[in-house]
2 protein chains.
Amino acid sequence: METQRAITIHTIQNGKEHFGEYGTSAHLLDYLSKQTPFTLQAPCGGKGRCGKCRIQILSGTPSPVTDAERALLRPEELAQGIRLACLTRAEGDLSIQLEGSKRPIGNKSFLFPHPLPVDGSLRTLVLELVPPSLEDQRSDHSRLLSALATEALEIPPSLLRELPQVLREGNWRTTLLLQKNRILSLLSGTPLGKTCGVAIDIGTTTVAAYLFDLYTGEHLDSQSELNAQGVFGADVISRIQFSLEGPANLTQLQKKILTQIDGMIHQMARRTGIHQSEICLACMVGNPTMIHLALGLSPRYIAEAPFIPVTTEPLLLPARDLRLSLSAGAIVRVPPAVSAYVGSDILAGVVASGMAKAIQAGSAVPSLLIDIGTNGEIVLAHGDRLVACSTAAGPAFEGAQIACGVGGVAGAIDRVSKAGDELSYTTILESPPLGFCGAGIVDLLALLLDAGIVDETGRMLTREEAAREGHPLAERLISYDEEPAFQLVGAEKSSTGMPILLTQQDVREIQLAKAAIAAGIRTLLKGSGLSFGDIQTLYLAGGFGNYLDPRSAARIGLIPKELGGKIQSVGNAAGMGASLALLSEKTFFLFQQVRERTSYIELSSSAEFQELYVEEMLFPT
Amino acid sequence: METQRAITIHTIQNGKEHFGEYGTSAHLLDYLSKQTPFTLQAPCGGKGRCGKCRIQILSGTPSPVTDAERALLRPEELAQGIRLACLTRAEGDLSIQLEGSKRPIGNKSFLFPHPLPVDGSLRTLVLELVPPSLEDQRSDHSRLLSALATEALEIPPSLLRELPQVLREGNWRTTLLLQKNRILSLLSGTPLGKTCGVAIDIGTTTVAAYLFDLYTGEHLDSQSELNAQGVFGADVISRIQFSLEGPANLTQLQKKILTQIDGMIHQMARRTGIHQSEICLACMVGNPTMIHLALGLSPRYIAEAPFIPVTTEPLLLPARDLRLSLSAGAIVRVPPAVSAYVGSDILAGVVASGMAKAIQAGSAVPSLLIDIGTNGEIVLAHGDRLVACSTAAGPAFEGAQIACGVGGVAGAIDRVSKAGDELSYTTILESPPLGFCGAGIVDLLALLLDAGIVDETGRMLTREEAAREGHPLAERLISYDEEPAFQLVGAEKSSTGMPILLTQQDVREIQLAKAAIAAGIRTLLKGSGLSFGDIQTLYLAGGFGNYLDPRSAARIGLIPKELGGKIQSVGNAAGMGASLALLSEKTFFLFQQVRERTSYIELSSSAEFQELYVEEMLFPT
Ligand code: FES
Ligand code: FES
């Protein structure tokens, strides 16, 4: 008979505590991600390579420090009990502290200053039913149907479950919210509450949710968090891999994101004093992998040629099926996607930027929309057509795979400038510097190219070489991993206690990423017989676009310099597009109309793209 | 830190073993019903009154014997470790034996000698899809939709989840089973398997399932079990009470029955070598409470005046919503009900007996259908109308609330006869006698009325009184609970080791029950201005009807003697009706057509009924 006592693990994050039983001998990353409600990022997917799944052991008996941890953590850190969760196990009770999951902000240009347009496709119906009696014993369902005699309405089973209470609490008066022949909600009496909806943008890195009044279009609240699936890998590909590794993994990924979204909705409801049953509609956009995972669809064939999603069709799903606690009849609109790597989030940008309406009218002036995230998706509108492609740009511009990279969080360096030989920088929310976000990296790299510290081929001078030339910035060059690195912030000023560096390896990552984007733009233009001069506007979507300095982007060759002056940042265009499709059924249908006029160019099989990619590898001189 | 070891419980039933952890201090009935897959009947709902939740402790440490158990169990039984599960807790590890849950048989007249009629509303569609390529990257969903171009088909999310595998395994050939614009199943290639459906009849006591080939109408297999909800009470009212006692109880009841049904389907599939994904359709009937519990709808207002069900409407539900593992798109047809106490099971009888078609044609000759179970439901067809009522007859005819009563199981005494002064009896399947089923009780009571042992008022002679008269059966009278009882079988011959008795109290139960039914029949006839002579046929539905001797029924006044010669047993009419509605959509619609022509008479508020009830209380002389 086993009488060994179970190991108890105590976890703290942001002052919240959790106690749990460590049943298996799995690593702590596994325990933390499956058994606690907390969020931990694990960009390498728990393979012990990225060094980002840092936890602090406050007390107890962890497994011994591994060599891999010695390589990825500094001795001072190890001395403070910092460990990598994916390489550490519990050998006795433990008390663990997780870094606060910093809430990404970065919705600078998504302020909803005015209510968004609503299209009035919702109808409210107030019914007075005859109360039942021994002489009139019709069931609640039959009673409701006969009061609705002229409408052929479907009552979903989830509503049937609530029916008896709703009818009796309202003393046989009930208010229905209808969309076409669907009952979205059924309330007691004639309630005074609001009728709300929520738009959701599931990004690989960040999930954002926006709460609206469905009748006035008024924006009530937003909530944005790091995608809780981050614990299974930073990018789309590592999450797909994880989903294929075990039979329950897909369900686990689905549960993770749905629980997170439900929690975000819950928080917004609480803050605004709205009851979750007053939320009757949702609209969910995201890249195809995120949408597949949220719907529990296998992304297997997205990852292998010829890259086929299960669905790119628009869907209407009961919120209940996605375990979202909205009104009993609530529906989730899932707008369509273009292909395996161009999703509803991109179409949402096309809608939000106004390109969609121009395409619908057949009169779109040539314009580009670029979303630089883990992938760089690029679409070109022209006349009545949209052409789309997706480049595997990698997550460098999101700060991933960059030594001191961070997302668009408080303390991220988003701007670097030089006056004389003095370097200065700003950070998001003016917090003490934590690392670089994409815009900061682009700024610094542009500046190092101008200063001759990095050359056209991407090679960084060593400190000795720079010193030999008497370069004023020479002393900021250090050696890191036997290669040069440029130190922007010293350990004493950084909030991590470590210097903030741009390494030779970081430059290489950026170089590959920007070449992919630049080559993608040129492939689309060539295919449509257009030149840079024809493009009227280049819309830059995503958090990155908010912060990016167009001159720096042109300097490093991310955006062709001919287009540098035409950049217009559209902020969180995906969230905006989702919100518009939430508030207007017509806009929801607009996604599908645009998608039907879209051609997709598969770059992986395009010889032209390969050639341009190599050409774009150099930095502009 | 608690280091107390959990208690392990070992349970055996029918040779199957189960080990579980006894986490709470709940009684064993609670543990056995929630944590083991076994079935235990608890007619009093675990209140320690019925004495039927018997278990045998083989070894270990149970809680001490209670006074209530001493009252309900004999010393020899206690000595053998027999205990009542609802009054016993575990104080240490236990090994428990449960009586085999005898599978009720009793489908004597439900043999499906010939295939049932099918109406060809199902369509099979074989599609050859163009395989995807880098030049044709449409999603699986889009590819399927465009191959179906001319049909406006809805693909439920459960099917989307299977889509990628199904299409690839069939090498882009797929076979769809359609009903109207619903895809019931989607299979790889052109499979050779069968297309099956399952009809389910959820009785309060017994659940029966029937497997059919949907194309040929051939009956493939049946399975019948005691309703696993029995552990929460024998009758509708005690289950409703249980559902209201705690917030999770309704879910628990729902889970119990759905898990049982899924298990029954699983067993039939295994026996017939059919894959569960080949079962694409189901049809589920039952009394309104059973249907509410299976759908997770609260039966609260069924139990209190004015007796209003949540729904009596026909429903089409995804099998997935009811956690039945059929094909991904499978649909469950739930035929409509009449009222809180006249359900789809009764309408199924009306359909199976042929009364429904006659009503539809407007030419029904006056005929009655009676289903005597926990309630006695009675319907009268006449012309184009049906009139229905339900009497709270109680479960006496199902053997519940009868001292030695059992259901229609092997060993149940179903026939008692008298030749001279010799009594003889037969049992179901000729097994050693276990107790009385309803038909046996009626036979014996008829015989005791004839013999003058029970008089018109229901009073049973004491042994002394009978002996004084020199009655030849006097020695069979004993004293039980200070009242007379008639012993049919001695302890030495009975399979329980205890004599099989009909007690004075049993006679009272039967007396109340038969009065309710007889008064119900007369109320219906009066309301329609008909007399006994007008009735052409009296259909007797339910297992009881199979075994009942019409003469005995007339003798005790259960059926008016004028109708004694017009009885026709229709066996498991509910199962037959469900099967017909499974195989034919037209028949499914027929339920609704009949229901629209049905009037319901609420007996609880009928002064007429009350009067007739008192009149019928006496036994015929
Ligand atoms: S090192 Fe642990 S997740 Fe990457
Ligand atoms: S005595 Fe235990 S259930 Fe009735």
Side-chain angles (χ1 to χ4, degrees), chain A residues 1-3 5 8 93 131-145 155-158 160-165 167-168 250 288 292 295-302 305-313 315-318 320-322 336-340 600 602 604-606, chain B residues 1-3 5 8 93 131-145 154-158 160-165 167-168 250 288 295-302 305-313 315-318 320-322 336-340 600 602 604-606:
Chain A
M1 203 47 59
E2 277 262 289
T3 55
R5 202 168 61 68
T8 299
D93 291 352
S133 65
L134 283 173
E135 288 68 48
D136 174 4
Q137 295 180 312
R138 283 172 301 162
S139 66
D140 294 348
H141 189 180
S142 308
R143 195 170 301 275
L144 184 66
L145 287 183
I155 301 182
S158 54
L160 274 187
R161 276 176 204 130
E162 296 192 351
L163 194 54
Q165 209 188 335
L167 294 184
R168 284 164 184 80
L250 176 59
H292 275 56
L295 303 186
L297 302 174
S298 170
R300 175 187 296 266
Y301 302 103
I302 287 183
F307 315 114
I308 307 298
V310 179
T311 183
T312 47
E313 297 292 318
L315 300 171
L316 291 179
L317 302 173
R320 205 49 63 103
D321 279 9
L322 298 179
V338 170
S339 68
Y600 178 72
E602 176 58 51
S604 71
S605 58
S606 157
Chain B
M1 208 39 68
E2 276 262 300
T3 55
R5 202 167 59 70
T8 300
D93 291 351
S133 64
L134 283 172
E135 288 68 47
D136 174 3
Q137 296 179 311
R138 283 172 302 162
S139 66
D140 293 348
H141 190 181
S142 309
R143 195 171 301 275
L144 185 66
L145 287 182
E154 249 185 68
I155 301 183
S158 54
L160 274 186
R161 280 180 200 126
E162 295 191 351
L163 193 55
Q165 211 188 333
L167 296 183
R168 283 165 185 80
L250 176 58
L295 303 186
L297 302 174
S298 171
R300 174 186 297 265
Y301 301 103
I302 286 183
F307 315 113
I308 307 298
V310 179
T311 184
T312 46
E313 297 291 318
L315 300 170
L316 290 179
L317 301 173
R320 206 47 66 103
D321 279 10
L322 298 180
V338 170
S339 69
Y600 178 72
E602 177 57 50
S604 71
S605 58
S606 158

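In what follows, every chain begins at residue 1, and chains take the letters A, B, ... in the order their sequences are listed. Only a predicted model underlies this, so the values are computations on that prediction, with no experimental measurement involved.
Of the atoms belonging to B:L315, it is side-chain heavy atoms, and not backbone ones, that fall under 4.5 Å from chain A. Only the side chain of B:D321 comes within contact range of chain A, with at least one heavy atom under 4.5 Å from a heavy atom of that chain. With a threshold of 4.5 angstrom between heavy atoms, B:L160 approaches chain A through its backbone and through its side chain. Proximity to chain B (any heavy atom under 4.5 Å) is restricted, for A:L317, to the side chain, taken from C-beta onward. In this structure, chain A has a heavy atom under 4.5 Å from the backbone of B:S133, while its side chain stays farther away.
In this view, A:P164 and A:D140, A:R168, B:Y301, B:V310 satisfy the side-chain contact (heavy atoms from CB on, under 4.5 Å) rule, not counting sequence neighbours. For B:E162, the side-chain contact (heavy atoms from CB on, under 4.5 Å) partners are B:V166, B:R320, B:A328, not counting sequence neighbours.
For the set A:A340, A:A305, A:P336, A:P306, the entry with the most heavy-atom pairs within less than 4.5 Å of chain B is A:P306. Heavy-atom pairs under 4.5 Å with chain B peak, among A:L163, A:L167, A:L295, at A:L295. Residue with the most contacts toward chain B among A:S604, A:G296, A:S605: A:G296 (heavy-atom pairs, distance under 4.5 Å). Between chain A and the options B:R138, B:R300, B:R161, the largest number of non-hydrogen pairs under 4.5 Å is found for B:R161.
The CD1 atom of B:I308 sits 9.5 Å away from the OG atom of A:S142 when rounded to the nearest 0.5 Å. Note that OG1 of A:T311 is 8.0 Å distant from CD1 of B:I155, once rounded to the nearest 0.5 Å. Atom NE2 of residue A:H141 and atom CG of residue B:L297 lie 10.0 Å apart, to the nearest 0.5 angstrom.
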B:L145 vs A:E313, side-chain contact (heavy atoms from CB on, under 4.5 Å): CA-CA, chis, key distance, verdict: CA-CA 9 Å; B:L145 287 182; A:E313 297 292 318; 3.6 Å; yes
Derivation and outcome, side-chain hydrogen bond (donor to acceptor under 3.5 Å, both in side chains), residues B:Q137 and A:S339: CA-CA 7 Å; B:Q137 296 179 311; A:S339 68; 5.6 Å; no
